[in-house]
Structure formats: structure tokens, C-alpha cells
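What follows is a short report on a single structure.
Below, chain A is the first sequence line, B the second, and so on; all start at residue 1.
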Protein chains: 2
Amino acid sequence: MKSAVEPLKARRIYLLLRDRIVAGELPPGRRLPGEPVLAAEHAVSRVTVRRALDLLEKEGLVQRKAGSGTFVHDTRTVRPIVADLSNVLSHLIDMGRSTDVKLLSFGYGVPPESIAESLGLKPGERVQRSVRVRLIDGEPFSYLTTHVPEWIGLTYSEAELAARPLLELIERSGVTTERATQAINATLAGPEPAAALDLEIGSPLLTLTRIVYEPSGRGVEHLHALYRPDRYSFHMDLVRTGSDGERRWSPALGWPRGIDKSKADKNKTEKNKQGEKPTRSPRVTKQRS
Amino acid sequence: MKSAVEPLKARRIYLLLRDRIVAGELPPGRRLPGEPVLAAEHAVSRVTVRRALDLLEKEGLVQRKAGSGTFVHDTRTVRPIVADLSNVLSHLIDMGRSTDVKLLSFGYGVPPESIAESLGLKPGERVQRSVRVRLIDGEPFSYLTTHVPEWIGLTYSEAELAARPLLELIERSGVTTERATQAINATLAGPEPAAALDLEIGSPLLTLTRIVYEPSGRGVEHLHALYRPDRYSFHMDLVRTGSDGERRWSPALGWPRGIDKSKADKNKTEKNKQGEKPTRSPRVTKQRS
DNA sequence: CAAAGCTGTATTATCCATCATACAGGTTCC
DNA sequence: GGAACCTGTATGATGGATAATACAGCTTTG
């Protein structure tokens, strides 16, 4: 029979420790149990424990000091970018950080059936396919694969795609975009995304699949996005709506400053809990839409 | 030099093939290249290729026929549950499927600092912590860790928690919930979640962290949820809003019918469940005939 | 300073995933 | 039927991950 492919022991221990760290069970600054102790606890050799700690260190979750110990790193310094549901990078703009785009692949052809179906294409209809990587401060954080019907794709050049948001190019071509559906999920990094995102194969990735429709109902863009979870995540504010019978959460439409708030608030609710009016975040929009 | 912990080759090839399948490059029904061909392509032995195919088969992505070949399975029969952003299982209700809850852990204590901070607790303030697993049709799909201030948690019993939604219990206690923030991300399964969700360690998971606030701004619930991506995903409809200068996507509040339709075709295959009981697969390491 | 920790590093032995190969049995097609 | 595929299964050889052990150098503590 097959012996199921089991993760390496080092990886096992890495995941275990990582969980305890991100769960807060091991708070920032705390010293981890010594390597011999960990080795005994998990019934592995010290070499294996060190491999696990190597991984944690490479991810910036712990910091090792020779002769002293291994300490949980203050992760607050390494925060992921925050995006709202519209995929707008919230405080990216405020902070004036720059994003670059690298175009990995560009071409035309007949798409796989699943894409054709979701775009509502006629059999054999051609699309433009592109693969892009987006970087922030030189570090890659997203891997985008897009499919656009050929008749739209032909209205802009390869260089334009690398320079401007795709949706802007689509709208410039005269198409009106009105409706979209998107799904968020998780997956593991295959070889190409892993290489492009500077990750190891098998790393976790956040996925977003979005299909944009024009009013007639035809699809005009199919986006498959992969995000590094340590550099990107989706945030949103919810408000309780509906009358008593059918209560549920709805996305807050007031504007995002939500995440920053949830963080700024914590200090506030503690110290001065008089209802200070939430300061309208100064919309310093760098105009990047 | 440290030889970095590299994923097993079998896993590598598994991920590669999986990507090509879900991307639609290998459409349902298509025969995969033969095992010897795959082995040559990836410069590995046939045994390793088989291990990769074993994984794909176990996930239902391919179907093997002795003497004939390995075929891409029609994945449309194995679709994840769909939830909107409010975390409401959309057509789950329509279809009359049942969800059960298993309570894995229940107790009171002082939470880790990161939780206390996000709930806005006073130092040393106690919380109720619970870990639950949610199942659909007997299969686990989510692993929920919740922290609730003690004064709220004491208003209901352990049994009630296992039977009713937590938020309902909180509101029953007299607390009004008004606002919440949530973040969606991805991670790898550690030992406990993996066991509870019937997954291998290192499987990808979708995460949702939600903090619910009462009007005064105090946190009343901290939820950390892990979802199996093959059984759960977030979907939403977006509409293009805003005037010309500042166009963006907003969540559509009207009801999703787009996604439901794509799934409405329930070609129930007979391959659903064999009589085998999934309780505990005896880890057969070696077997000689 | 000295003792007791700790991390960093090296060595050798063992175990397991992978390799290379061979063969059995089913399916497809001529 | 029979050739040419395919998957299923078994074998021994090999290499990399892990184990067990030892020691060096640093930090903290008394």
C-alpha cells in the first residue's frame, strides 16, 4: 500500500510552533523553550527542532540569540498590506508606498473550457491571457492571471497592460463594467507562483477569482489572483442590519479606515473611552484608480 | 550549509498537476499523460509520480482506471459550500442540508495578550474560550476558536454553546452587537486543526478572524475560524458604484443568484460515498501479501 | 569568576523517500 | 487473437532527512 506522503517532521514542528505564536499563546518577546526541551517534547532530535526554528526565523516569527535563547519576534513590525473587498489597497495609498507590476506572460489563444464558460464565450472564441506579478517596495505579493476576450484585449498594448490597471484599460475600450462576482479561497503554491512570489513550493496562498460582466451579461474579465498571506489580506467592516427576525451582517459602506481603526481603537477604548468622534481619515488619495 | 526543508518531490508534482487541473488546462474527462511519461517529464521515478496521483485521487481530482489511464474527474460534483461575507451559508439552507457542531474544548481563563488587546479587555480579565468544529453531512469543514468575555460567557451553558450559534447567545444575554471587523487570510493546517478537519498537516486553510463590538466599542466576541478550502469558500457579488472620478466596486446587497445557478445543476453521481466508514483510517505503514 | 544555560556546529549512524527495474493483469485497437 | 498501451505491485539500491552525540562559544546569573 501507499504510505501517505507525510510532511517532514521539521515542518510539523514548525507549523505547531507557528500556530502557538500567531494564536498569541507565545506572546512577542517571550523566550521559547530551549532546543533540547523542544526536542524531548516532540520526540525528535535537536537537529530537527533547529530546522523548524530555521523556518520560523526565516519568516521573521522568531529571533535567535546565540547563548541566550530564541525569542518570539514582535510581528507587529511586519504587517501585511490590507485590502478591502474591492481589492483596493487601503493605507497603501496613505503611506505613499509604491507598487510595481511585472508582466510575466502575454499572449492570445483559445482559453480552457472552464474560463470560456465563465466568461460566456462562444466555442473557439479567443482571449488575451496575461500573467502579472505585483510588487510593493520591490517585494512581490500577488500573482495575477487574467483572461480577457480578444476584441477587448486588442484595444491596448502589452506595455499599457504593464503600466495601468487592467480594468481601466477595459473601460477605456468603451465597455461598461457593471457587475462582478468574486470568490475567495485558499490553496498551496505550485512551482510557478512559488517562484514568482519568492516562496517555497507548498506555501499557503490566498486566492481571489473574479469575473467582471458588462451590462449585457457577457464576461469581460476573468481574474485569478494569488496572494502571499504574509503580505496581503482582506479586511472589512460589518454592521448589524435587518430587523429582529432576520438579523445579519452587512458590509459597512462608510469608508475603510476600518483596519487602522480597529488597531487605533484598542488603545483608545482603554484609555479614553469618551466617545471621541472617529476622525475622518484625510483622503490623501494619490489618485491611482 | 543547511539544506532547506524542501517539499517532497511527490508533493511537488501533485501541486503542479493540481494547478493544471484547476486552471482548466486539463479539462474534466481528459486522460492524463501516462505515468512513465510524467515520470520522464519531471525527471522522477514512476513510484513518485504514483504518489502524486494518489494524492490527486484522494482529493477526487482524478479517477484512475487500471489498464486504461488516469482521467481528470469532473470536479463540478464536488463543490464547496458557498458563504457570503456575513458568513451565512447561502443555499445551504435552501437545500436542506444539515450542519452539526462538535464542541472540542470549553473553559475559562486569562487569554493571550493579543486576544485581550483586540477585545479591549482590562489586564487579567478572564474570558471563555471554546473550540468547535462544524460539520456538513457529517464531514467537518470549519474549526472555530472563540473568545468571549467571561461576564457574557457565563450567561449560557456548555450545552447551549454546542446547540446554538454563539452570536445568538451573546445577544440573548442582553448585549447589542452593532459593529464588527473581519479579516480573511490563508494559512497551513497545524496538528490540531488538521486532525479535527480530517486533513493532513500542512494542508491549506482559509482563515477568518472576526471581532464583534458592542456599541460602546468593547469587544464581545473574538472568532478565529479555519475553513477547508475544498468545502468552503467566500463568494460575493459586486456592483460598480461611484461617479466617474472615483469609481470602485461595492458589495451588492441584493441576493446572489449568479453563483447558485452555476451550481444548481446537481448531477448526482453515484460515486458519492462508498460504504466505507471514514472514522479512522488505519495507518498502514507496510503490508506484505 | 564560575556555573549553568543557551545557540551554533560537526560527526557518524539509521531510517525513509526515492530510484531503477521487472513483471502481472486490464484495456484499447487493429 | 495479439500488439501496444495502461495501471497495479514488488524488488533491492541509493541518497537525503533524521537521530544520537559531542564540543565550542556566547549570555545570564549568582
Separation of dT27(D) P from Arg31(A) CZ (nearest whole Å): 15 Å
Aromatic centroids of Tyr232(B) and Phe234(B) separated by under 6.0 Å: yes
Glu35(B) CD - dT18(C) C1' separation (whole Å): 15 Å
Donor + acceptor pair across side chains of Glu150(B), Tyr108(B) (<3.5 Å): no
Any Thr48(B) side-chain N or O less than 4.0 Å from OP1/OP2 of dC19(C): yes
Value in whole Å for how far the P atom of dG8(D) lies from CG of Asp54(B): 8 Å
Nearest-angstrom distance from the residue atom CZ of Arg12(B) to P of dA17(C): 18 Å
Which nucleotide in dT28(D), dC23(D), dT18(D) has an atom nearest any side-chain atom of Arg46(A): dC23(D)
Whole-Å distance separating the CZ atom of Arg51(B) from the C1' atom of dC16(C): 9 Å
Residue Ser45(B), side-chain atoms from C-beta onward, closest of dT7(D), dT18(C), dA19(D): dT18(C)
d(NE2, His42(A); P, dA17(D)) in whole Å: 21 Å
Any Arg50(B) side-chain nitrogen or oxygen under 4.0 Å from OP1 or OP2 of dT7(D): no
